[in-house]
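The chain is numbered in sequence order, starting from 1.
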Amino acid sequence: MKKYIHISNDIKNKIVDGTFKANDKLPSEKELGVEYDASKMTVKQALDILVAEGLIIKRRGAGTFIKDLSTTELKRVSLTNQFRGKTAEHPQNEVTSKVLNFSVIQPDEKIQDKLNISEDDFVYFIYRVRYVDGIPNAIEETYMPINLIMNLKLKHVKQSIYDYIESELGLVIQSAHRIITVRGATEAEAAELQMQPHEPVGIAEQVGYLSSGAAFEYSTTTHHYNYFKAELVLTK
């Protein structure tokens, strides 16, 4: 992950969890550079992202401050982080992947429907276990159209696919539709997640969308119960 994205994600998480509160003044760019071992330009890029997302505000001669966000807005930010993947969710941790399968396949009817593609539109099939600081957190089964997410390589799958999509392809991940369920772990899942068969796992079935409105991902993620959290925003 590029350093400026790492910094912006970490500050964003600190806003969500209350480490930084409304109207708090952020450390100076120089101080943040020391904290994150980053150049002034890298810190500026990170802060520019947060300004664009409406999370902080720069006041000439005074510094940079956390905006006074409503509870609904904070929930929105939290939900945005959830569907941006493990790397964005854990910017201060080492996130790695064990790739069990990475191939190009012809989509079945369900995948065609979820991604709004035809049987002639081939997809990447990605099956991997995600680790956070060496601990298995989740198993991801993902399908992505090859004509949309072009030139995806094994090196990207081992790291952050979302970072590749945004940083190298220049696409913008906008939103996701997610369905949450719970069931017992299969023997194979239990072995990968270092738990007992039939212990509970959280299942997140998701279709992800780019800013263009195109569906770029259909995934089903199986989460270890110790590391699974889902937040919802309910409106009238």
message: For Lys58, is the NZ atom crowded, meaning more than 12 foreign heavy atoms sit under 6.0 Å from it?
response: yes

- request: Write down the atom of Met144, the atom of Ile165, and the distance for their closest heavy-atom approach.
  value: CE-CD1, 4.1 Å

message: Ring centres under 6.0 Å, that's the criterion: do Phe125 and Tyr143 meet it?
response: yes

task: Measure the spacing between CG of Leu32 and OG1 of Thr42 and express it to the nearest 0.5 Å.
output: 12.0 Å

statement: Sorted by chain and number, sequence neighbours left out, side chain to side chain donor-acceptor pair (under 3.5 Å) with Tyr218 holds for Lys110, Glu205

- line: Heavy-atom nearest pair, Phe216 first then Leu115, reads C-CD2, 4.3 Å

task: Work out which heavy atom in Ala22 is nearest to a heavy atom in Asp68; give both atom names and the distance.
output: CB-OD1, 3.5 Å

- request: May I ask you to check whether over 12 heavy atoms, not counting those of Asp37, lie within 6.0 Å of atom CG?
  value: no

message: So which atom in Ile105 and which in Phe122 form the shortest heavy-atom distance, rounded to 0.1 Å?
response: O-CD2, 3.3 Å

query: Which residues pass the side chain to side chain contact (heavy atoms under 4.5 Å, CB included) test with Ala188, sequence neighbours left out?
result: Thr186

Just list the side-chain donor-acceptor pairs under 3.5 Å for residues 190-203, sequence neighbours left out, or say none.
from	atom 1	to	atom 2	distance (Å)
Glu192	OE1	Lys98	NZ	2.8
Glu199	OE1	Gln196	N	2.8

query: Using 4.0 Å as the upper bound for N to carboxylate O, is an ion pair formed by Glu189 and Arg183?
result: yes

statement: When every non-hydrogen atom of Tyr227 is compared with those of Asn137, the smallest separation belongs to CB-OD1, 3.5 Å

statement: Residues joined to Met41 in its hydrophobic cluster, side chain to side chain under 4.5 Å directly or through other members, sorted by chain and number, are none

Side chain to side chain donor-acceptor pair (under 3.5 Å) against Asn101, all qualifying residues, sequence neighbours excluded: Ser103

field: Partners passing salt bridge (Lys or Arg N to Asp or Glu O under 4.0 Å) against Lys44 (at least two apart in sequence or in another chain)
entry: Asp48

- request: Show your reasoning for whether salt bridge (charged side-chain N to carboxylate O under 4.0 Å, His left out) applies to Lys14 and Glu35.
  value: CA-CA 14 Å; Lys14 288 178 179 177; Glu35 179 180 348; 3.4 Å; yes

- request: Show the numbers, then the answer: is there a side-chain hydrogen bond (donor to acceptor under 3.5 Å, both in side chains) between Tyr162 and Glu217?
  value: CA-CA 10 Å; Tyr162 284 10; Glu217 169 199 59; 2.8 Å; yes

- request: Please tell me if the side chains of Ile11 and Leu55 come closer than 4.5 Å, counting only heavy atoms from C-beta onward.
  value: no

